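This report concerns only the one structure given below.
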There are 2 protein chains.
Amino acid sequence: MIRVALVEDDDKIRNNLIDMLENSHDFRCVAAYSNAEETLRDISNKLPDIILMDINLPGIDGIECTQKLKTTMPELLIVMLTVYEDANKIFRSLQAGAVGYLLKLTPNHEILSALNDVSKGGSPMSAQIARKVIQSFHQPQKEKENSKVRLTNREEEILDLLSKGFLYKEIAAELSISHDTVHNHLRKIYEKLQVHSRTEAVVKYLKE
Amino acid sequence: MIRVALVEDDDKIRNNLIDMLENSHDFRCVAAYSNAEETLRDISNKLPDIILMDINLPGIDGIECTQKLKTTMPELLIVMLTVYEDANKIFRSLQAGAVGYLLKLTPNHEILSALNDVSKGGSPMSAQIARKVIQSFHQPQKEKENSKVRLTNREEEILDLLSKGFLYKEIAAELSISHDTVHNHLRKIYEKLQVHSRTEAVVKYLKE
DNA sequence: CCTCTATTTACCCAAACGGGCTATTGAAAT
DNA sequence: ATTTCAATAGCCCGTTTGGGTAAATAGAGG
């Protein structure tokens, strides 16, 4: 029997996963947590072989949690199970030590076979996810090295003003350019930082 | 002749103030800066008696600038001249060492008479501003001590999610409450933090 | 018992934002 | 000479946000 633990804050999804595991022949659900903090505190009492980890958790997120878990229990196999299909989250998860990355819309039987893969030393991920991972190797080495994407001077300038809470039109006034140009720079910035809002961009920026 | 310096990022307003000073009998404008950084660098060459300081400056804001100026030139008289009528900014300004607090809508002749007051040892401020200052002495000491406003647990929880870039509706889903409730908590948070947008709130929050 | 606060929900509305698209200019690189 | 790219500007459109206003409930503290 392979010991599996869950970290998932949505009650319904968590209970579905528990059912799935308990109705299987090969797996046992030895723990189910709703947040990262509890997981980090309690996991050493349960010693699962595999963890199915949600990314979007209240407080410490699944990626950070993965990182912390791997430092204390490096043999633990962690599989991300999440709604995000975004390249950045995938890479950060894998870098944090996850061995697999599944989307939440994956049918139960595929999740189970993925868990089997994992226990056999595989790394399950959907074809779309795999493609994104593969593509990362096609990127010229240059870009991989400084994974901290390079913003142009103008973009940094705008991001800085953004982080001070200025509106588009205030930034435009400040820099004597049009509202639309600010808008355009912001799009490029969001694309480069892999985010979709002011807040996310500013948070990344402030963490330098 | 009383030597006055200006710190104001808006060209039009700054030039209006220069005109006002130059057309007066008692004052000379010895410097006019558009930002705090330049002011801090250059002010020791100009040695004004009084500074009229805007709060909303790009980069270092007027309050921080006031603080820094007072450490190196404690005899300098600084008068805030700003659009903000909010209690928090007023107190922080006065604590930083400002001796007066005027609103930008104050007519020129009143600004001049305020400058006269200042040079005579007075502290000019409008009746509304004065009221807010007075009221601060009526507040129980408790609240004055921890000026770092207290957010409720719920509010912190929501602010935390906000800082992770979640949308209102995502926060609502996360906490199993309605979109409107999230909206309302955010209003309270903004009010307590004296901000007017996600970005500003998150920046304050991340700076702990 | 009454008041105050925290938490919750709701409706309205204007401003701000995010993304899809296209396009011009000038500089730098190939 | 041609291509690439940063910077500029614009239009369209749906979504998100912020603020006004109102109100109900439950718990704490007088």
Side-chain angles (χ1 to χ4, degrees), chain A residues 58 83-88 139-140 142-143 146 149-205, chain B residues 56 83-88 135 138-140 142-143 146 149-205:
Chain A
V83 293
Y84 302 107
E85 208 170 337
D86 117 16
N88 205 293
Q139 288 175 23
K142 273 185 188 175
E143 310 218 346
N146 52 337
V149 276
R150 265 196 294 270
L151 297 183
T152 67
N153 291 340
R154 200 52 154 175
E155 285 163 354
E156 274 217 54
E157 198 173 6
I158 287 174
L159 184 49
D160 187 67
L161 292 170
L162 195 79
S163 76
K164 297 196 166 60
F166 290 104
L167 306 179
Y168 285 15
K169 62 179 178 188
E170 289 172 337
I171 296 174
E174 190 69 30
L175 300 178
S176 303
I177 57 180
S178 87
H179 165 277
D180 284 309
T181 302
V182 175
H183 186 182
N184 259 322
H185 283 300
L186 263 309
R187 294 183 225 222
K188 288 234 184 71
I189 292 170
Y190 290 176
E191 197 188 337
K192 287 184 179 180
L193 298 185
Q194 293 281 347
V195 299
H196 306 281
S197 72
R198 297 174 66 101
T199 307
E200 291 177 301
V202 167
V203 168
K204 282 211 175 183
Y205 174 66
Chain B
N56 181 20
V83 293
Y84 303 108
E85 207 169 338
D86 96 37
N88 204 292
Q135 282 174 338
H138 295 332
Q139 286 175 25
K142 271 186 188 176
E143 310 219 345
N146 53 338
V149 277
R150 261 195 294 273
L151 298 183
T152 66
N153 291 339
R154 199 52 154 177
E155 285 163 355
E156 274 217 55
E157 197 174 6
I158 287 174
L159 183 50
D160 186 68
L161 292 169
L162 195 78
S163 76
K164 296 198 167 58
F166 290 105
L167 305 179
Y168 286 15
K169 60 180 179 188
E170 289 172 336
I171 296 175
E174 191 69 29
L175 301 179
S176 304
I177 56 180
S178 88
H179 166 276
D180 283 310
T181 303
V182 174
H183 185 183
N184 246 323
H185 283 301
L186 263 308
R187 294 184 224 220
K188 289 237 183 68
I189 291 171
Y190 289 176
E191 197 189 334
K192 287 184 179 179
L193 298 184
Q194 292 284 343
V195 299
H196 305 281
S197 72
R198 296 174 66 101
T199 307
E200 292 177 300
V202 167
V203 169
K204 281 211 176 184
Y205 174 66

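Predicted, not measured: the structure shown is a model, and the values here were computed from it. Per chain, numbering begins at 1; letters A, B, ... match sequence-line order.
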Subject >> Residues forming a side chain to side chain donor-acceptor pair (under 3.5 Å) with E157(A), sequence neighbours excluded >> reply: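 Result, side chain to side chain donor-acceptor pair (under 3.5 Å) vs E157(A): R154(A).
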Original post:
For S163(A), which residues count as a side chain to side chain donor-acceptor pair (under 3.5 Å) partner, sequence neighbours excluded?
Top reply: none
[N] [atom2] sits how many Å from [X] [atom1], rounded?
X       : N       : atom1 : atom2 : result
H196(B) : dA15(C) : NE2   : P     : 17 Å
D180(A) : dT25(C) : CG    : P     : 18 Å
E170(A) : dA16(C) : CD    : C1'   : 11 Å
E156(B) : dA6(C)  : CD    : P     : 13 Å
L167(A) : dA14(C) : CG    : P     : 18 Å
E155(B) : dT7(C)  : CD    : P     : 6 Å
I158(A) : dC17(C) : CD1   : C1'   : 15 Å
K169(B) : dT9(C)  : NZ    : C1'   : 19 Å

**OP:** Find the distance between NE2 (H185(B)) and CD1 (I171(B)) and round it off to the nearest 0.5 Å.
**Re:**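 One gets 10.5 Å once the value is rounded to the nearest 0.5 Å.
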Subject >> With L186(A) via side-chain contact (heavy atoms from CB on, under 4.5 Å) - residues at least two apart >> reply: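 Expected list: I158(A), L162(A), Y168(A), V182(A), I189(A), Y190(A).
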**OP:** Five pairs at each end of the helix from dC1(C)-dG30(D) to dT30(C)-dA1(D): take the axis at both ends and give me the angle between them to 10°.
**Re:** 50°
Subject >> Any D160(A) side-chain heavy atom under 4.5 Å of Y205(A) side chain >> reply: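 Yes, side chains in contact.
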**OP:** Please tell me if the side chains of K204(A) and L159(A) come closer than 4.5 Å, counting only heavy atoms from C-beta onward.
**Re:** no
Give me the atom names and distance for the closest heavy-atom approach of [X] to [Y].
X       : Y       : value
A172(B) : H179(B) : CB-N, 3.8 Å
E155(B) : K188(B) : OE2-CB, 3.6 Å
G165(A) : S197(B) : O-OG, 4.5 Å
E174(A) : L161(A) : CG-CD1, 4.0 Å

Original post:
Which two nucleotides bound the region of DNA chain D that has atoms under 4.0 Å from heavy atoms of chain A, read 5' to 3'?
Top reply: dA6(D) to dC11(D)
Original post:
Looking at DNA chain D, which of residues 181-190 of chain A put a heavy atom within less than 4.0 Å of it?
Top reply: T181(A), N184(A), H185(A), R187(A)
Original post:
Are T152(B) and dT7(C) close enough that a side-chain N or O sits under 4.0 Å from OP1 or OP2?
Top reply: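 Answer yes for this pair, as a side-chain N or O of T152(B) is under 4.0 Å from OP1 or OP2.
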